[in-house]
Amino acid sequence: MSLNYSHTGLPNSPLSFCYTDPEISVNSGQMFLWQKFDNSWYGVYGDHILKFSILGQDKEGTNEYDNVQFLSFPEFKNWERHVFRLDDDIKNILSGFGKDLILSKAIRMYPGLRVMRQEPQQCMISFACASNTNIAMIRRMLSNICKKFGDPVSIDGREFFTFPNADRLNKVTTNELLSCAVGYRVKAIKAVANAIASNNIDIDYLKRAKYNASKEELLKIYGIGNKISDCILLFSLDKLEAFPIDVWITRVLSLFYPWLLNENKKENDNKQRTLKTDEKLLYRYKYEILSENIRRYFGKYAGYAQQYLFYYIRQKESRKW
DNA sequence: GTACAGGCAGTAT
DNA sequence: ATACTGCCTGTA
């Protein structure tokens with residue numbers, strides 16, 4: 001497989017990678033537990049550690065490499081197909097956005113940006129940690145959780161830790177979790193672990209069910225609201241229409257899709273619209289209605305659009321991850 | 001010291 | 001229904 005690796009990413013990002021044929025890059029937000037050492041990337045997928053290595057020479061600054069090796073511990077055959085969603089018809093998905101100028105631009109800038117598929121239990125716990133904080137903090141919390149409750153795996157002379165499953169996390173004490181610097185999110189983490197461990201929610205069902213039914217189940221869990229459930233649905237439950245709306249997405253909508261927001265204005269608010277006022281708009285607009293309108297506009301692969309827009313606005317604002 | 005970071009639940013109106 | 005508030009932790 002020909003591979004094209006580059007730091008497409010954000011200037012300060014230690015993360016983000018892409019390769020071509022098919023081209024891939026991924027938002028850091030999707031890869032909390034990935035790290036790069038030398039020419040290899042290592043990532044945690046539940047109780048597996050995944051690895052891929054860039055072998056061979058860079059063809060004179062083209063970032064094209066002729067050989068990439070995918071490994072996993074323990075064995076997880078063809079994990080790259082699963083994790084990078086190589087079965088998605090990316091050409092078809094992206095061509096569907098062709099009429100949208102902003103998306104077209106973002107797609108040209110970040111060719112092959114993908115939605116990554118995460119291990120569902122890990123994904124649910126990860127986003128339970130995501131409220132009111134930033135990516136660096138989430139990475140720290142999750143890394144702490146793995147170190148404390150996961151199993152060590154030694155690879156290439158380095159120690160990695162698997163992600164503890166729900167049964168394990170369901171048994172740990174609140175204080176043990178608090179030592180992972182998760183703060184008040186401990187209640188959400190325990191609620192997720194308990195819901196899975198006690199079969200109150202069934203991940204197979206969540207995968208099978210349609211977006212709305214699946215989301216309804218997730219929203220029953222303490223600490224899992226609209227945005228976080230959409231992340232879980234998109235990144236681990238194969239709901240490609242899920243479109244998580246956070247402050248960054250709100251900004252990009254405000255800048256480039258104001259009509260989507262204005263449709264939902266509660267009253268005709270004559271005040272001048274500014275970024276600041278728009279950022280507060282999730283207080284003033286119903287997430288559900290906004291979400292429906294957005295999914296109607298972007299279509300059944302809205303989640304892919306969300307990733308391009310998120311990546312675009314983050315880079316535009318030069319955010320460090 | 002203060003503001004703020006990829007939300008959420010609880011409470012008051 | 002909608003507005004407002006506090007919240008762990010860490011960094012700028």
Side-chain angles (χ1 to χ4, degrees), chain A residues 9-10 12-13 15-16 26-33 113 115-116 118 123-145 148 174-192 195 215-216 218-236 242-255 264-269 271 275-291 294 303 305-321:
Chain A
L10 309 179
N12 302 319
S13 175
L15 301 176
S16 88
V26 191
N27 277 341
S28 296
Q30 301 181 41
M31 39 187 293
F32 296 122
L33 291 175
L113 178 69
V115 172
M116 252 172 112
Q118 303 184 24
C123 186
M124 292 180 69
I125 299 292
S126 297
F127 284 98
C129 293
S131 77
N132 193 25
T133 189
N134 55 43
I135 289 169
M137 284 292 298
I138 298 168
R139 286 166 57 80
R140 181 172 313 160
M141 294 179 218
L142 298 180
S143 169
N144 290 341
I145 287 173
K148 196 162 179 71
T174 297
N175 279 339
E176 283 179 303
L177 268 175
L178 284 174
S179 74
C180 298
V182 298
Y184 60 84
R185 301 167 191 84
V186 66
K187 278 180 74 178
I189 296 168
K190 294 293 281 182
V192 168
K215 180 161 185 175
E216 193 180 330
L218 289 176
L219 289 175
K220 291 177 184 168
I221 305 171
Y222 178 91
I224 306 302
N226 270 307
K227 184 268 178 181
I228 285 174
S229 61
D230 276 333
C231 288
I232 295 167
L233 290 163
L234 176 61
F235 296 135
S236 72
F243 188 102
I245 306 168
D246 58 25
V247 297
W248 291 98
I249 288 298
T250 306
R251 276 171 209 162
V252 86
L253 293 176
S254 169
L255 282 173
N264 299 294
K265 278 224 157 173
K266 211 176 48 175
E267 316 295 332
N268 63 334
D269 184 354
K271 275 187 197 166
L275 265 185
K276 276 291 175 204
T277 59
D278 278 346
E279 284 173 25
K280 294 180 188 164
L281 101 195
L282 288 186
Y283 292 104
R284 302 162 46 204
Y285 303 87
K286 287 186 72 69
Y287 187 106
E288 293 86 351
I289 294 174
L290 184 53
S291 172
I294 287 169
Q306 194 268 7
Q307 285 300 286
Y308 279 90
L309 295 176
F310 183 78
Y311 204 71
Y312 177 71
I313 190 67
R314 291 283 296 203
Q315 174 143 305
K316 191 169 184 301
E317 308 279 314
S318 293
R319 295 304 287 204
K320 57 183 187 297
W321 297 86

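Throughout, protein chains are lettered first and strands after them, A, B, ... in sequence-line order, and every chain is numbered starting at 1.
Side-chain contact check for I245(A) versus K227(A): every heavy-atom pair is 4.5 Å or farther apart. With a 4.5 Å cut-off on side-chain heavy atoms, C129(A) and I189(A) count as touching.
Regarding I189(A), its CD1 atom lies at a distance of 14 Å from the C1' atom of dC8(B), rounded to whole Å. Rounded to an integer number of Å, the gap from CD of E288(A) to C1' of dC8(B) is 13 Å. Atoms CE (M137(A)) and P (dT11(C)) sit 8 Å apart, rounded to a whole Å. In this structure, Y287(A) places its OH atom 17 Å from P of dT2(C), rounding to the nearest Å. N132(A) has its CG atom 12 Å from the C1' atom of dA9(B), to the nearest Å. As rounded to whole Å, 14 Å separates atom P of dC8(C) from atom CG of L177(A). To the nearest angstrom, C1' of dT9(C) lies 12 Å from CD1 of I138(A). As rounded to whole Å, 16 Å separates atom C1' of dA5(B) from atom CZ of R139(A).
Shown here for V182(A) and L177(A), the closest heavy-atom pair between the two residues is CG2-O, 3.4 Å. Nearest heavy-atom pair across S126(A) and I138(A) is O-CG2, 4.1 Å.
With dT2(C), dG7(B), dG10(B) as the candidates, the nucleotide lying closest to the side chain of K286(A) is dT2(C). Listed nucleotides dG7(B), dG10(C), dG6(B) differ in distance to Y184(A); the shortest reach to its side chain belongs to dG7(B). Residue F310(A) places its side chain closer to dG6(B) than to any other of dG6(B), dC8(B), dC7(C). Candidate nucleotides dT9(C), dG6(B), dT2(C) were compared by shortest atom distance to the side chain of A181(A), and dT9(C) ranks first. For C231(A), taking side-chain heavy atoms from C-beta onward, the closest of the listed nucleotides dG6(B), dA5(B), dT2(C) is dG6(B).
Side-chain atoms of K227(A) stay outside donor-acceptor range of the base of dG7(B), with no qualifying N/O pair under 3.5 Å.
When each of Y222(A) and P244(A) is assigned the nucleotide of DNA chain B bearing its nearest heavy atom, the one mapping closer to the 5' terminus is P244(A).
When heavy atoms are screened at a 4.0 angstrom cut-off, I224(A) is found touching the sugar-phosphate backbone but no base atom.
In this structure, Q118(A) contributes its side chain and C123(A) its backbone to no donor-acceptor pair below 3.5 Å.
Residues F310(A) and F243(A) keep their aromatic ring centres 6.0 Å or farther apart.
For dT11(C), the OP1/OP2 oxygens have a side-chain nitrogen or oxygen of R140(A) closer than 4.0 Å.
Comparing dT5(C) with dG6(B), their P atoms are spaced 22 Å from each other, to the whole Å. Taking atom P in both dT11(B) and dC8(C), the straight-line distance is 15 Å, to the nearest Å.
Applying the Watson-Crick and G-U wobble criteria (two distances, each under 3.5 Å), dG6(B) pairs with nothing in any strand. Under the Watson-Crick or G-U wobble criterion, with both distances below 3.5 Å, dC8(C) has no partner in any strand shown.
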